[in-house]
Amino acid sequence: MEFSQLWLGIKPLKGCSIKTISIVCKEHVEQACAAVWELRNELSELLPEVSFVRGSADLSIKLSIAPLTEPESYTVTSNGTSASVTGGSGVGILYGVFALLRGIRLYGFGEFEECGSPTSPLRMLDHWDNIDGSIERGYSGRSFFFKDGELLINERTVTYARLLASVGINACAINNVNVRFGAEMLITEKYYTKLTSLIELFGRYGIKLYICVDFSAPISVGGIATADPLDPAVQSWWSEHCAKLFSHVKGLGGFLVKADSEGRPGPYAYGRDHADGANLLAKAIAPYGGKVIWRAFVYNCSQDWRDEKTDRACSAYETFKPLDGRFEPNVILQVKNGPMDFQVREPVHPLFGAMPKTNLMAELQLTQEYTGQQKHVCCLIPMFRSFLDSRTCCDAENDSVGDVICGISAVSNTGDDFCWTGSELAAANLYGFGRLAFDRFLTAEKIIAEWCALTFEDELARRVTAEILLGSHKAYEAYTVPLGLGWMCKPNHHYGPDPWGYEFDRWGTYNRADRNAVGVDRSHSGTGYAALYNPPLAEVYDSVNSCPDELLLFFHRVPYDHRLHSGKTVIQHIYDAHFEGYEQAEHFAELWKTLEGRIDERTFRNGCERFTEQLRCAREWRDIVNTFFHRLSGIDDEKGRTIYP
Ligand code: GCV
C-alpha cells in the first residue's frame, strides 16, 4: 500500500467469537451499496476468519431507510448478535454504517447505540491544489487530484472519499481559489469526462463536487473583451457556458470563488459590487441546482503602514455588510473564522451575526500555514470548537457562530505523501474537523480521544498523543505570538519568527511595537474596528479593562507595564509565555519518545523528526521574540532568565 488508511486502517480484533455475519439491505441506492461494501470490507479485515452468509448468523446486520429528521441522519443499535442501521436516506445509512464500524473498533461487539444528525447542512473541504500538481500552502506533498494539468482518479481518490464520508464531510472543492496555471479551463470540454467520473465516485459517498472558477473566465476562456457582471454579453456567456457545463457534468455542486482579493479579478474592476458579481454566477447555475460559494476574504493589500486608520480587519465587514439581503438564494458567503487570516488567535469575524439576510458559512484552515506547517504539532480542534460556540450577540439566544451559519468549510491539509497530512499527528485535525462539522456539540476531548483510539492500539500511545494534541495549540500560541498579536512570522512563506517582517509592508499586518507600547489600537480612538461587533461585545472589546487578555494586543495598544487580568504585566506575560511554551514543546517531545517500540516505526520516526524541528524552531521563536521585546522595552525578566542581548 502506497498510502495510509488513517483512521480506517483496520487491525484485527482479538478474542472475538463471531464467525458468520449476515448483512441485509433492501435499499438499492448507491450510497447504501457503498455502505454494504464498507461493512464487508472492514469487517473482514477486523475479523479475518469471518464468512458472510445469508440467513442466520452469529451477527446479523440490517440496513434500511426510514423517515428521520434529516436525510443524512441515522440511528444505530447493536447488541452483539444483531445490529440495525437506519438512515434518512442512502447517505444516512452510509453514515450510520461508519458510526457502527467506529463503535466496533472502539468498543468491540457489545451493546452500542448512536443517533446522529448533522448540525450543519454543508460540511466542506477546500483544496488549494493547482492543476500542475503543486499545492498552495501545502505541507504534505503534492496534489493527489491533479498532475501536469490532468485530473487524477485512482485508488487514492476512492480512499479519500471513504475517509471524508466516514467523518461526515459532504462537499469538496478540488482546486485552488487562486485559479492559476490554466485551471480556468476546468469548466471546459477538456475536463467534462473526468469531472463526471469524479462526481460519480464522490456521489457514492454522499460528497458534492465543487470547482473554483475564474471570475474573468468570459475573457480568459470565452475570449470576449470584458467580465463586467452587468454586461448582457457577459451574462449570456455565463448562462450558455454553464448550461453546457451542467448538462455534461451532471451533479456538479457549484462554484467557489475568490474575487477582488490578493490580485484576483472581480467585479470592482467594472465599478460593480460583490452582490453583482456573485449573483451573475448564481443566476447562471440556479437552473441546475448549483450553489455559488463566494469568499468574503477581500481587503486592500496595498496599504501604507504610516496610515493608522486603514485597518485590514475592517475590510470584509465594510465590503459585505451593506450587501446583506442582496444575494441570490443560492449564494453562500464564505467567511474566514477571524478578520485577518487564520492567525493562531483572532477574534471571531464580525460578519457572523451581522448579515441575517445572507447565507453564511465559516472557513477554517487545516493546512497549518500560520500554525507550524505540519512540522509543529498544533491540534486545532479545541480552537474550532470554541469558535463555533462563540456568541455573536445578534440575538438574545441561539446566536453562536454555529447557530448562524449554514455551512462550515476548511482548507484541506492533505497531499500525496504516505500519511496524507505530512505529520501523522496532523491527521487528527482532518478527522476532528469532519466530526465537529457534523456535530458541533462534540467536545474536543471526545474527538481527540476517538482519533487516538482509532489510530493507536497501545493504551499509553493513546493517552500520550491525546495529552500532546490537547495542549498543543496553547503551547504553539505561547511560544509564537501571545495576547492576540499576529504576523510576527517570516514574510511570504510564514514559517519561523520575524517580529518586524510585516511591520512596514503593504499587507496591513502590523504589531506597532516601539519602546513605549505594543499592539494595534482598534478601539474607538483607533481604527474603530471594535465597534463592528454587536453590543455588548463591542463595548467589551473597546475597553482595555474588559477586553480578554488573550486578545488584548489585537484590540489595544498598551505600555509594556500594563497589567493584565491575570495580574502579570504585558512584558512579563510575553517572557513567561515564551519560556513556558517552549518547555511545553520539550515536554511533548519527551512524551513522544516514550512511545518507541509501542507504535509503528514509521509513525514514531515521523514524530521524532518533526519534534526535533519543532524544538529548534520554538527555541528560535522564544529567543527572538523575547529579545525583540527586551530590547525595545528595556525591561528585564523579573525571573532573571537569559534573554539574549
Ligand atoms: C489561497 C492567505 C494565504 C494565501 C491564500 C489566501 C486566501 O493570504 O497566504 O495563500 O490564497 O490566504 O485565503 O485566499
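Counting convention: from 1, in listed order, for ligands and their atoms alike.
Short contacts between ligand 1 and R295, defined as distances under 4.0 Å to a heavy atom of the residue, involve ligand atoms 7 (C), 13 (O), 14 (O). When each atom of ligand 1 is checked for a heavy atom of E136 under 4.0 Å away, the hits are 1 (C), 4 (C), 5 (C), 10 (O), 11 (O). Remark: ligand 1 atoms within the under-4.0 Å shell around heavy atoms of E369 are 3 (C), 9 (O).
No donor-acceptor pair closer than 3.5 Å links the side chain of R295 to the backbone N or O of L256. Using modelled atom types, one side-chain atom of D417 and one backbone atom of W420 make a donor-acceptor pair closer than 3.5 Å.
Among the candidates W621, Y495, Y582, F611, the single residue satisfying the ring pair (Phe, Tyr, Trp, His ring centres under 6.0 Å) test with H376 is Y495.
In this structure, a donor-acceptor pair under 3.5 Å is present between the side chains of S220 and D214. Judged purely by distance below 3.5 Å, without hydrogens or angles, the side chains of E262 and Y299 pair a donor atom with an acceptor atom. No hydrogens or angles considered: a donor-acceptor pair under 3.5 Å links the side chains of D311 and T527.
Heavy-atom distances between E363 and ligand 1 stay at or above 4.0 Å for every pair. The closest approach between any non-hydrogen atom of N176 and ligand 1 is below 4.0 Å.
Ranking protein heavy atoms by distance to atom 8 (O) of ligand 1, first place goes to E262 OE2, 2.8 Å.
Of the listed residues (M340, K336, H493), the one carrying the non-hydrogen atom nearest atom 13 (O) of ligand 1 is K336. Summarising the contacts of atom 1 (C) of ligand 1 with D341, N178, D126, V298, the nearest heavy atom is found in N178.
Ring centroid separation for the pair F555 and Y541 comes in under the 6.0 Å cut-off.
With a 4.0 Å cut-off on non-hydrogen atoms, F342 does not touch ligand 1 at all.
The shortest side-chain heavy-atom distance between Y502 and Y510 does not fall under the 4.5 Å cut-off.
Checked by distance only, ligand 1 and W128 stay at 3.5 Å or farther apart across all their nitrogen or oxygen atoms. For a threshold of 3.5 Å applied to N or O pairs, the pair formed by K258 and ligand 1 contains at least one separation below that value. Residue R137 has at least one N or O atom closer than 3.5 Å to an N or O atom of ligand 1.
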